[in-house]
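Inspection log for the structure reproduced underneath, given as C-alpha cells.
One-based numbering, in listed order, for ligands and for the atoms of each.
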Amino acid sequence: MEKLLIKGGFVVDPSQKLEGLADILIEKGKISKIERNIPPSGDEEVIDARSMVVAPAFVDPHAHLRDPGQTYKEDIESGSRAAVFGGFTTVVSMPNTSPTTDNPAIVEYQIQKAQKVGLIRLLPAGTITVGRKGEKLTDFNALKKAGAVALTDDGTTLTDESLLKTALYWASDLGLLVMDHAELPSLSRGHLNEGKVSSLLGLAGRSRSAEAIAVARDGFLAQETDAKIHIQHVSAKESVDLLSLFKEKGVNITSEVNPNHLLLTEEAVLKYGPLAKVNPPLRTKEDRKALIQALAEGIIDCIGTDHAPHASWEKEKPLDQAPPGMLGFQIALPALVKLYNEGLITLKRLVEVLSTTPAKILNLYPELGTLKVGTTADVVIFDLKHEWVFDEKINPSKSSNSPFMGRKLVGKVFYTIKEGKIVYRGKS
Ligand code: DOR
Ligand code: ZN
C-alpha cells in the first residue's frame, strides 16, 4: 500500500496533548512516525500541509444517509462523499430509513454498500423498537451481531419508560449505546420553537420542556440502570443544566449538539422558512449561548451533525408540512471554526468535539480519534482561514437543504484520509 508523508502541518491531537508543527508518515494504513522533520525518501506521496491543521479525522455519531428507501434525498454513496468532504471518515447512520433499520439484514446491507463505496466507515445504529413504533423491542443481539453499534428511535423518543429501562439494561449487557432523541411527543406537536416566532406565525410550537423532561427522565434511568445513555442534538438551556447535574453525580450520560444549533436561532425561520425547520427546533439567543458554553466546558461532549437531507420539493412545502432537518456534514467544521475565531473554543477543543470525544463515546478510541503511532491512519487536513462558497457546484449531497447554501463559509477541508488512503482532496 501507498506511503504518505504529510509535511509542515500544524498537528493538533488532544489524545497526545500535541499542538505544534510536525510531519506525519503513514505506512500500510497506520501512523508510523510523527516528528518535527521527516525527510522524504522518494517512494511516498508528499502532502504539503503548510498553513494547515492536521488532526485525527472526524467522527460523526449522528447522520441520516436515507438508504434504504429514501435515496432520492441521499444514499450511502452520496452521503459518503458528503461526509469525507466535511472531514468525516466514521459515521453512525440513523435507522429511520424506509423500511426502518430494525433488523440485521438492513444493517448488513448498509455496511456492505458503504464498504463497496469505500470512502467511510459506516457504523449503523439500529432502532430500539420494531418499526420505531415504541411498542416492542428489537432483537438487540441480532442487530449487534450484524454490526450495529448503537440503538435509537431517532426522530422520536420512547414514551413507555418501562420499555426504555429494559432497553437500557439489555443494551448495556451487549455493549450497545442507547442514543435518545429526547423530545416528548406530547409537548412537541408543532413545527418550530414554542415562543416568540411561533406566536408571530400563528403556528403550534415545540416546548422546551419536551426536551428537558426527557433529558431528566433519561438521566435518572441511566443512573438507576448504570447503563450509558447519549442525548442526541441538545437544543435547550434547561437540558444543559440537567446534563451538568447528572455529570456531577457521575451518571453515564453524554450528549451532542448539532452545528446548526450553534449558529442559528428561531429567527432563522422568519428568514429561511422551512429550510430552518429542524427537530428539536432552533431556539433562542440564550439557548444558543448556553449550548456554545456547554460545548466549550465539556458539559456537552461532542458534535453530532444530524446531517438530514431532504429534497427541494419537500422543503418548498409550507412550514407546517415540510419535513424537519438540515444538511450537517458540510457545515460542521465551518461552524466550529467560527466559534474558534470568536474566541469561544480552543483549537484543541475543536478537534476533541469533532473527533477524539465522539470516538471515545462510540468505543472506537484508542484506535480512532487519535494520531498516536501505530493506530489507524484516519487523518483530516484543513485550512482554518480558507473562505469558500457553499454552492450547488461544490455540494456532494443529493440534497441542498441548508440555510447556508450560497453563503460564504470559513474553514475548509483539503484532505480526508482513511486507513492511509486519500478519500477526499479539496480544491481551492
Ligand atoms: O430534524 C430532524 N430531522 N430531526 C430528526 O430527529 C429526524 C431528522 C430526519 O430524519 O430528517
Ligand atoms: Zn433526532
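- No heavy atom of Glu183 sits closer than 4.0 Å to any atom of ligand 1.
- Nearest protein neighbour of atom 5 (C) of ligand 1, counting heavy atoms only, is Asn279 O, 3.7 Å.
- Between His307 and Phe329, the ring planes lie parallel to each other; the angle is under 30°, not in the 30° to 60° tilted range.
- Closest protein heavy atom to atom 10 (O) of ligand 1: Asn96 ND2, 2.8 Å.
- Close approach of ligand 1 to His310 is summarised as follows: ligand atoms under 4.0 Å from at least one heavy atom of the residue are 11 (O).
- Atom ND1 is the N/O/S atom of His181 found closest to the Zn ion (ligand 2).
- The cationic group of Lys144 does not satisfy the cation-pi geometry with Phe140, failing either the under 6.0 Å distance to the six-membered ring centre or the 45° limit from the ring axis.
- In terms of protein heavy-atom proximity, atom 3 (N) of ligand 1 is closest to Pro324 O, 3.0 Å.
- Relative ring orientation between Phe220 and Phe246 is described as perpendicular, the plane-to-plane angle rising above 60° on a 0-90° scale split at 30° and 60°.
- Side-chain atoms of Arg121 and Leu368, non-hydrogen and from C-beta on, do get closer than 4.5 Å to each other.
- For atom 11 (O) of ligand 1, the choice among His64, Lys73, Arg66, Met94 with the nearest heavy atom turns out to be Arg66.
- Put simply, the side chain of Thr225 reaches to within 4.5 Å of the side chain of Lys165, judged on heavy atoms.
- Between the side chain of Thr90 and the backbone N or O of Val59, no donor-acceptor pair lies under 3.5 Å.
- Atoms of ligand 1 found under 4.0 Å from any heavy atom of His181 (numbered from 1 in listed order, with element): 5 (C), 6 (O).
- Residue Gly155 places a heavy atom under 4.0 Å from ligand 1.
- Asp154 contributes OD1 as its N, O or S atom closest to the Zn ion (ligand 2).
- Between Arg217 and Leu164, the closest side-chain pair of non-hydrogen atoms falls below 4.5 Å.
- For the pair Pro280 and ligand 1, the shortest N or O to N or O distance does not fall below 3.5 Å.
- Under a 4.0 Å criterion applied to the non-hydrogen atoms of Val278, ligand 1 contributes the atoms 1 (O).
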Practice item. Under the ring pair (Phe, Tyr, Trp, His ring centres under 6.0 Å) rule, what do His233 and His62 come out as? Steps first, then yes or no, please. Key: CA-CA 9 Å; His233 41 51; His62 190 149; 5.1 Å; yes
